[in-house]
> 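Once you've had a glance at the structure underneath, I'll fire off some questions.
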Amino acid sequence: MKKKILSAYEKLLSQFGHKTRDPRHGTVVWWPADSDYEVVVGAILTQNTNWKNVEKALANLKNANKLSEVAILDTSIPELETLIRPSGFYRQKAERLKLATKKWLELKQKKRTNDFDVLELRNELLSVKGIGKETADSIILYAFHKPIFVIDAYTRRFCKAFFNFEAKGYDDYRLLFESSLPRDVKLFKEYHALIVEWGKQN
DNA sequence: CTCCAGGGGGCCA
DNA sequence: TGGCCCCATGGA
């Protein structure tokens, strides 16, 4: 199984090619964002929502000069709702954005002194209302740049199609990849990106 | 018109 | 845990 998972990555890579490079971290990244914090915002806004709609909401925030930690925390809920409305579920997401932002700032501070274990980081994020496993893992991988494998609907379909693997829980899928691959941030980022590229064409 | 998109929470058995 | 409903917009 381990070999299959690595060879499937090679196959996707030859089919779709590398994603764009992120000059800030020198890693291959697929999540489009001008800052790590923008990844956090996008991770909340994209919940059960087409990315195109997320882009509109992000553009609204940028045009209003609101795409920063302090700005989000200082902006009223009604104003936030108006700005992110195109991404849908705007009432929930306005509140979730504030909660996620507070935790994000807290974790960035702690990181300097403690240096979190990845799973500790995950549990911290999961304690926030509005952050589930997929959102937490997306933030860890694409905003904190720490190795954890992100599972989404595409990944489940991919496992069925390529490995005939079906599991019940999110972590069953996550551990399948993590136990079969070197713990490499760049690899995890790119593999997930390639699976999504594959999924969009199927 | 229907269906779904880069989910998650709350409730209930 | 597993099933079900709710949240809401915009594009196909």
Side-chain angles (χ1 to χ4, degrees), chain A residues 9 12 16 19-20 22 28-64 77-104 121-145 148-162 166-177 185 187-202:
Chain A
Y9 167 74
L12 290 178
F16 297 107
K19 302 290 104 180
T20 54
D22 179 356
V28 174
V29 71
W30 145 80
W31 195 296
D34 294 332
S35 67
D36 291 335
Y37 177 62
E38 187 176 329
V39 173
V40 177
V41 174
I44 298 293
L45 294 184
T46 196
Q47 289 172 356
N48 200 37
T49 300
N50 191 301
W51 184 258
K52 279 294 173 190
N53 290 348
V54 176
E55 286 181 328
K56 292 175 185 172
L58 288 173
N60 287 346
L61 289 171
K62 284 183 185 177
N63 291 335
I77 291 287
E79 189 178 354
L80 214 46
E81 287 177 351
T82 303
L83 291 168
I84 67 173
R85 183 177 299 266
S87 70
F89 304 97
Y90 53 87
R91 294 190 190 93
Q92 298 181 33
K93 288 176 180 177
E95 180 60 27
R96 291 177 177 186
L97 270 185
K98 283 179 175 287
L99 294 174
T101 300
K102 286 176 189 168
K103 180 60 74 174
W104 162 252
L121 192 55
R122 191 175 199 238
N123 285 331
E124 287 286 336
L125 289 168
L126 288 177
S127 73
V128 179
K129 184 194 288 186
I131 299 183
K133 289 177 178 176
E134 183 181 338
T135 303
D137 292 347
S138 296
I139 291 171
I140 292 169
L141 184 61
Y142 292 104
F144 281 104
H145 309 283
I148 200 159
F149 206 92
V150 179
I151 306 299
D152 61 3
Y154 291 134
T155 313
R156 294 168 189 264
R157 283 180 239 162
F158 172 79
C159 285
K160 171 67 175 169
F162 274 69
E166 283 182 291
K168 315 165 186 88
Y170 179 100
D171 286 312
D172 296 324
Y173 287 94
R174 183 174 65 83
L175 294 174
L176 170 69
F177 284 94
V185 172
L187 174 64
F188 284 10
K189 284 181 177 179
E190 185 147 75
Y191 204 158
H192 176 68
L194 288 168
I195 288 171
V196 174
E197 289 298 314
W198 170 85
K200 286 182 175 177
Q201 298 192 5
N202 282 276

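Lettering of chains follows the sequences in order, A, B, ..., and the numbering in each one begins at 1.
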> Of A:Gly130 and A:Lys200, whose nearest nucleotide on DNA chain B comes first from the 5' end?
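With A:Gly130 and A:Lys200 compared, the 5'-side residue is A:Lys200.
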
> The test is side-chain contact (heavy atoms from CB on, under 4.5 Å); show your working for A:Arg96 and A:Ile131 and say whether it passes.
CA-CA 8 Å; A:Arg96 291 177 177 186; A:Ile131 299 183; over 6 Å; no

> Where the side chain of A:Thr155 meets the backbone of A:Ala153, is there a donor-acceptor pair that is under 3.5 Å apart?
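Judged by distance alone, no pair lies under 3.5 Å.
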
> Check DNA chain C against residues 45-58 of chain A and give the residues with a non-hydrogen atom under 4.0 Å, in numerical order.
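Nucleic-acid contacts, sorted: A:Asn48, A:Asn53, A:Lys56.
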
> With P as the reference atom in both, quote the distance from B:dG8 to C:dG10 in angstrom, rounded to an integer.
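Pairwise P distance, B:dG8 against C:dG10, rounds to 22 Å.
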
> Checking side chain to side chain contact (heavy atoms under 4.5 Å, CB included) between A:Ser138 and each of A:Ile148, A:Val150, A:Ile151, which is the one that passes?
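Result: among A:Ile148, A:Val150, A:Ile151, A:Val150 is the only option passing the side chain to side chain contact (heavy atoms under 4.5 Å, CB included) with A:Ser138.
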
> Under a 4.0 Å threshold between the charged nitrogen and the carboxylate oxygen, would A:Glu166 count as salt-bridged to A:Arg156?
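Looking at A:Arg156 and A:Glu166, the cut-off is not met.
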
> With a 4.0 angstrom cut-off to heavy atoms of chain A, pull out the first and last contacting nucleotide of DNA chain B, in 5'-to-3' order.
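Listed 5' to 3', the contact boundaries are B:dA5 to B:dG10.
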
> Map every base of DNA chain B to its dot-bracket character, where paired means a Watson-Crick or G-U wobble contact with both distances under 3.5 Å and | marks a partner outside the strand.
.||||.|||||||

> Rounding to the closest angstrom, what is the interatomic distance between C:dA12 and B:dG6 at atom P?
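Those two atoms are separated by 13 Å.
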
> Rounded to whole angstrom, note down the P distance from C:dC6 over to B:dC3.
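After rounding to an integer number of Å, I get 16 Å for this pair.
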
> Does any N or O in the side chain of A:Lys93 come within less than 3.5 Å of the main-chain N or O of A:Leu45, such that one atom is a donor and the other an acceptor?
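At least one qualifying donor-acceptor pair exists.
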
> For A:Lys189, is there any backbone N or O sitting under 3.5 Å from a side-chain donor or acceptor partner on A:Tyr142?
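Answer holds: yes.
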
> For the residue pair A:Thr82 and A:Tyr90, confirm or rule out a side-chain donor-acceptor distance under 3.5 Å.
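Per modelled atom types, A:Thr82 and A:Tyr90 side chains form no pair under 3.5 Å.
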
> I need the full list of salt bridge (charged side-chain N to carboxylate O under 4.0 Å, His left out) pairs touching residues 123-145 of chain A, with sequence neighbours left out, sorted by first then second residue.
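Qualifying pairs: A:Lys103-A:Glu124, A:Arg122-A:Asp137, A:Lys133-A:Asp171.
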
> What parts of residues 78-103 of chain A reach DNA chain C, counting only heavy atoms under 4.0 Å away?
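Residues of residues 78-103 of chain A under 4.0 Å from DNA chain C: A:Arg85, A:Pro86, A:Gly88, A:Phe89, A:Tyr90, A:Arg91, A:Gln92.
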
> Answer with base, sugar-phosphate or nothing: what part of the nucleic acid does A:Val39 contact at a heavy-atom distance below 4.0 Å?
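The answer is nothing, as A:Val39 stays clear of every strand by at least 4.0 Å.
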
> When you measure from the side chain of A:Asn63 to the backbone N and O of A:Ala59, does any donor-acceptor pair fall under 3.5 Å?
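Pair found, side chain donor or acceptor close to backbone of A:Ala59.
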
> Would you please classify the geometry between the A:Trp51 ring and the A:Trp31 ring as parallel, tilted or perpendicular, with 30° and 60° separating the classes?
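The arrangement is perpendicular - the two ring planes meet at more than 60°.
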
> Please identify each residue that fulfils ring-ring contact (aromatic ring centres under 6.0 Å, His included) with A:Phe149, with sequence neighbours left out.
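Once residues adjacent in sequence are excluded, the partners of A:Phe149 under the ring-ring contact (aromatic ring centres under 6.0 Å, His included) criterion are A:Phe177, A:Phe188, A:Tyr191.
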
> Step by step, would you call A:Glu197 with A:Tyr154 a side-chain contact (heavy atoms from CB on, under 4.5 Å)?
CA-CA 9 Å; A:Glu197 289 298 314; A:Tyr154 291 134; over 6 Å; no

> Find the distance between NZ (A:Lys62) and CD (A:Glu55) and round it off to the nearest 0.5 Å.
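The CD atom of A:Glu55 is 9.0 Å from NZ of A:Lys62, to the nearest 0.5 Å.
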
